[in-house]
Amino acid sequence: MTIPNERPPVLVVISRAALAELLAPQHAAELPRSAQRLEAVADAVVLGADLVFDARPHVSADGIDPTVAAITLAHHTVDLGLIVAASPQRDHPYNLARRLATIDHASGGRAGVLLVPRDPHASPGSPWTRAAPDEAAADAARVLRELWRSFPVDAIVADRATGVFAESHRIVAIDHRGAFDVDGPFQVPWSPQIWPPVLAWNDGPDGAALAAVADVVVRPGEGRFVLHRVNDPESLRRLVRDAPATGEPSGRSLRARLGLSTVEPPTGGRRVFRDPAAHTDQTATVPADTRKAGASHGN
């Protein structure tokens, strides 16, 4: 479900080379001001634009990893959405889920991912799956969501009186089978958004399966977003100097800024850890939790 925004969100799409320049040690003194200015002109940044636009295979992709850039920018901003471009051709969904959940925790609910079926800088094929790239990307989106919902945050009770830190019997395996086979469970509790937004770029013939499962499909030219493409340091400097401000900080999550509603994911599944109170078998199934997921983790 989407919620209409009053104006199109502004996305700044930045290459890894431009990120490396922005975050270079010699520019450390300028970084806080640059990050604040970037936050003033954009609702969100897409980090790693060369994964989207550079179709030349085997070309060196010098720059900084988008997840590292996201954590750094999270420290210097308070409202900017941080969308990491990633391809399951290179990043296994479990590792990607863990990094994105960490960014979402660190930023207070501002993380998202732009999944790309192919990484133009990776070797042909995939070390993780034999599925077609688009089908693999679509399945990666499913794995991300299933992992993100498998560890309810309120399972951590930190009860000193009983000595119980977490009700680990509520953490479930996902037992996912598809392009990726992932049992789980996840190691990270629900992050502020629970399900950080999953975006896809366009929905052409090579991306139809991914577009069908994405929360948001970015189609350049359709008017849903205002897009600024930044491929080099000079373009980034011009943008933060000349682009108009988007308005006052909203304090909203990235899901809200993209017009997405709060999620209430299912919480049932195969129990991994024994419930000491019930003395149940380790392989028992946890019923769906009747508590609303969005009660303490809404937008």
Fill in the blank from the handout: Tightest non-hydrogen contact, residues R257 and P9, listed as O-CG, 3.6 Å
Problem - L260 side chain reached by V216 side chain, heavy atoms, under 4.5 Å - result: yes
Practice task
Would you tell me whether R110 and T77 have side-chain atoms, one donor and one acceptor, within less than 3.5 Å of each other?
Solution key: yes
Problem - Presence of salt bridge, D242 and R237, under 4.0 angstrom - result: no
Problem - Donor + acceptor pair across side chains of D119, Q89 (<3.5 Å) - result: no
Handout entry: More than 12 heavy atoms from other groups under 6.0 Å of CZ on R160
Key = no
Exercise for the section: Output the distance between atom CG (D91) and atom OG1 (T67), rounded to the nearest 0.5 Å. Expected result: 7.5 Å
Practice task
Evaluate the side-chain proximity of W148 to P196: yes if any heavy-atom separation is below 4.5 Å, no if none is.
Solution key: yes
Problem - D104/R99 ion pair, N-O < 4.0 Å - result: no
Problem - Pairwise side-chain contact, V164 with V157, heavy-atom cut-off 4.5 Å (strictly under) - result: yes
Exercise for the section: Group every Ile, Leu, Val, Met, Phe, Trp and Tyr by side-chain heavy-atom contacts under 4.5 Å, then state whether W195 and L115 land in the same group. Expected result: yes
Fill in the blank from the handout: All heavy atoms of V213 vs all of R145, minimum pair found to be O-NH2, 2.7 Å
Exercise for the section: Any chance you could measure I64, atom CD1, to S15, atom OG, to the nearest 0.5 Å? Expected result: 12.0 Å
Practice task
Could you tell me the separation between the CG atom of D159 and the CD atom of E167, rounded to the nearest 0.5 Å?
Solution key: 9.0 Å
Problem - Euclidean distance, I83 CD1 relative to I103 CD1, rounded to 0.5 Å - result: 11.5 Å
Practice task
Determine whether L210 and V116 make a side-chain contact, defined as any pair of heavy atoms from C-beta on separated by less than 4.5 Å.
Solution key: no
Exercise for the section: Taking the side chain as every heavy atom from C-beta outward, state whether R274 and H169 have any atom pair closer than 4.5 Å. Expected result: no
Exercise for the section: Begin from the C-alpha positions of L147 and V182 and carry the test side chain to side chain contact (heavy atoms under 4.5 Å, CB included) through to its verdict. Expected result: CA-CA 9 Å; L147 286 169; V182 180; 4.2 Å; yes
Completion exercise
Rounded to the nearest 0.5 angstrom, the CG-CG distance for L73 and L38 is 7.0 Å
Practice task
Using atom types as modelled and distance alone, determine if a side-chain donor or acceptor of R255 lies under 3.5 Å from a backbone N or O of S261.
Solution key: yes
Practice task
State whether R177 and D183 are salt-bridged, where the test is any N-O pair (Lys NZ or Arg NE/NH1/NH2 against Asp/Glu carboxylate O) under 4.0 Å.
Solution key: yes
Completion exercise
Note: A18 and N231 closest approach over all heavy atoms is CB-C, 4.3 Å
Exercise for the section: Would you please indicate if the ring centroids of F186 and Y94 are separated by under 6.0 Å? Expected result: yes
Handout entry: Salt bridge present between D154 and R170 (N-O < 4.0 angstrom)
Key = yes
Practice task
Indicate yes or no: at least one non-hydrogen side-chain atom of W201 is less than 4.5 angstrom from one of P220.
Solution key: yes
Exercise for the section: Write down the atom of E39, the atom of V78, and the distance for their closest heavy-atom approach. Expected result: OE2-N, 2.8 Å
Problem - H176 versus D139, side-chain donor and acceptor atoms under 3.5 Å - result: yes
Practice task
Supply the atom-to-atom distance R118 CZ to S126 OG, rounded to the nearest 0.5 angstrom.
Solution key: 12.0 Å
Practice task
Return yes if some donor-acceptor pair links the side-chain N/O of T129 with the main-chain N/O of A179 below 3.5 Å, else return no.
Solution key: yes
Pairs of donor and acceptor atoms involving the side chains of residues 20-31, under 3.5 Å and at least two apart or interchain, shall be tabulated with distances.
{"unit_1": "E21", "atom_1": "OE2", "unit_2": "H27", "atom_2": "NE2", "d": "2.8"}

Exercise for the section: Check whether any side-chain heavy atom of V84 sits under 4.5 Å from a side-chain heavy atom of L114, and report yes or no. Expected result: no
Exercise for the section: Keeping the roles fixed (side chain from H228, backbone from V41), state whether a donor-acceptor pair exists under 3.5 Å. Expected result: no
Practice task
Report yes if the side chains of L11 and V226 come closer than 4.5 Å at any heavy-atom pair, otherwise no.
Solution key: no
